[in-house]
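Before any comments, here is the structure.
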Protein chains: 2
Amino acid sequence: MVPKGAADRLAYLLKLIASGPPRFALGELALRADLPVSSVHRLLQVMLRSGLVERGAGQSYRPGRELHRLASQLVARFDLGRSARPLLQDLVEQFHETAVLCVYSPAQRRAIISEMVHTPHPLRFAVERGGEISLPWGSLGRAVLAFLPPGEIEAVMRENSTGPLTGRARSTRKEMEAELAAIRVEGVARYYDPAIDIAGVSGPVFGAEREILGCIGVTMPSKRYQLHLEDDLALAVRGAARRLSEMAAISHS
Amino acid sequence: MVPKGAADRLAYLLKLIASGPPRFALGELALRADLPVSSVHRLLQVMLRSGLVERGAGQSYRPGRELHRLASQLVARFDLGRSARPLLQDLVEQFHETAVLCVYSPAQRRAIISEMVHTPHPLRFAVERGGEISLPWGSLGRAVLAFLPPGEIEAVMRENSTGPLTGRARSTRKEMEAELAAIRVEGVARYYDPAIDIAGVSGPVFGAEREILGCIGVTMPSKRYQLHLEDDLALAVRGAARRLSEMAAISHS
DNA sequence: AACTAGATTTCCGGAATACGGAATGGCTTT
DNA sequence: AAAGCCATTCCGTATTCCGGAAATCTAGTT
């Protein structure tokens, strides 16, 4: 479960630190990491030496300036969230429904809501930045799932066997594969489930080498789904996703 | 010179990768890192496993999605460059001279230009994002240097013994210490050197725990320096730097 | 001020892993 | 089709890592 070997563990701890609080204690980190305190301590010494973490007031640690510098360098090259924002705003203006950007994390095999522009409608979903999206359900998840490498799809399907909202068993492997194939052909994932009053359309976003980065989607109560000219919506969503993919490709060339 | 031990080397390579090209080859990285190819290869396997790097087309490597995710998380919490931008713009509007944000990298003991808003004047310096600032010279460097821990100041002074532009030896250790003390008292660093036609005023920017993050400064040809009401300029620069420090502190609490 | 509870830091022997030169294997190019 | 280049694997050695336990340190309390 927990990584073994100094290098593996350093990478593991870095992720925990980046996603953790701005100040943390040794013991607390050891607990989150599920590692012996002395081992975490030794690795923190390494990170201190390289500036990736620093000491704070009292006896606390914090992400270091070198880590922030490293992050800035990467984000300066291309910031998916920032680039997506105007596209999301356009979608909301056009359809008056909530538009979101999801980013996919291959290591955790999870999709996370990264950016979001809300609909003006008072009835909307309580999605929030940082919220997790289940890959096998909903348009957002499936827009990503459909474009994962085959082996990864298998793994995701094994891990998530029941739905997060409905709790009911998912469709069979075969049905699902057919649905994903359809998504690959059309270039967007549609979802419509009156039972839980949710609907949406999402398009995949790719990186410079056509690896999947996430998706752009528009979600709404299923009641409002029919009101839209569905093909217009699908066209616009696919267009936005493709534009974003192009921007990612250009910035990495 | 090059780090030894798997964890140290992983941190070292991560920095090289983040600051390197968006696609790279094993051999190339090994060369930049000054490490044996087989050692770099082994460490890249570790990073692949954790998603920090990924394979690209052909046989190339690239920064992985996990690394971008990690970077986004950190930057989302607080983005110094983004927060500084409006402050820089205000300074330029007010004084019509180039305003810049420098960030300090403690590991390399260097300051780098991170954000910049140019003066409308046609005569201006060819400073660019990513350009290095020598710490012992100029207002930008000294605004940072003055607020480093004593041991670090010593180290910087030992490393840089001659100026980058003038090439002349720096003032004595004693003189320099007096100048830095004055900067600490006043809260801004002033620089005025007609010999190389450069002048500027800079203020230090601190993090949540008063560690120095960098500085905000306004630079100009020395000819134009007298035209400004110097105290107004110093006051405005110090104000901007303090505002930015407050923003950093708030976002990390 | 002295004490206590909690945390961090150091220590150390045993074991696992990192190390890197050299050989192999696989792309890409001429 | 062949050659050159680069990535990958192999393997014996030696170094580093590992983690429980002891020693220190810090902060809070009596």
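The sequence lines fix the lettering, A, B, ..., with proteins before strands; numbering per chain opens at 1.
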Do any N or O atoms from the side chain of [X] and from the backbone of [Y] form a donor-acceptor pair under 3.5 angstrom?
X	Y	result
B:Arg238	B:Glu186	yes
A:Glu54	A:Arg65	yes
B:Glu66	B:Gly64	no

Practice task
Taking only the side-chain nitrogens and oxygens of A:Ser39, find out if one of them lies under 4.0 Å from OP1 or OP2 of D:dC18.
Solution key: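 The answer is no; no side-chain N or O of A:Ser39 sits under 4.0 Å from OP1 or OP2.
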Whole angstroms only, please: what is the [atom1]-[atom2] distance between [X] and [N]?
X	N	atom1	atom2	result
A:Leu35	C:dT8	CG	P	15 Å
B:Arg49	C:dT17	CZ	C1'	12 Å
A:Leu43	C:dT17	CG	P	14 Å
A:Asp34	D:dG19	CG	C1'	14 Å
B:Leu10	C:dT17	CG	C1'	15 Å

Who pairs with A:Glu154 by salt bridge (charged side-chain N to carboxylate O under 4.0 Å, His left out), at least two apart in sequence or on another chain?
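A:Arg173.
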Which residues share a salt bridge (charged side-chain N to carboxylate O under 4.0 Å, His left out) with A:Arg184, sequence neighbours left out: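 A:Glu177.
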End-to-end axis angle, where each axis spans five pairs of the helix from C:dA1-D:dT30 to C:dT30-D:dA1, to 10°: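 The angle separating the two end axes equals 50°.
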Per-nt protein contacts along nucleotides 3-17 of chain D (heavy atom under 4.0 Å; B base, S backbone sugar-phosphate only, - none) come out as ----SBB------SS
Just jot down the ring pair (Phe, Tyr, Trp, His ring centres under 6.0 Å) partners of A:Phe147, sequence neighbours excluded, or say none.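 A:Phe206.
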Partners passing side chain to side chain donor-acceptor pair (under 3.5 Å) against A:Arg32 (at least two apart in sequence or in another chain):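 For A:Arg32, no residue satisfies side chain to side chain donor-acceptor pair (under 3.5 Å) once neighbours in sequence are set aside.
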Margin query: Within 45 degrees of the ring normal and closer than 6.0 Å to the centroid, is that where the cationic atom of B:Arg23 sits relative to B:Tyr61?
Written below: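 No, B:Arg23 does not lie over the aromatic ring of B:Tyr61.
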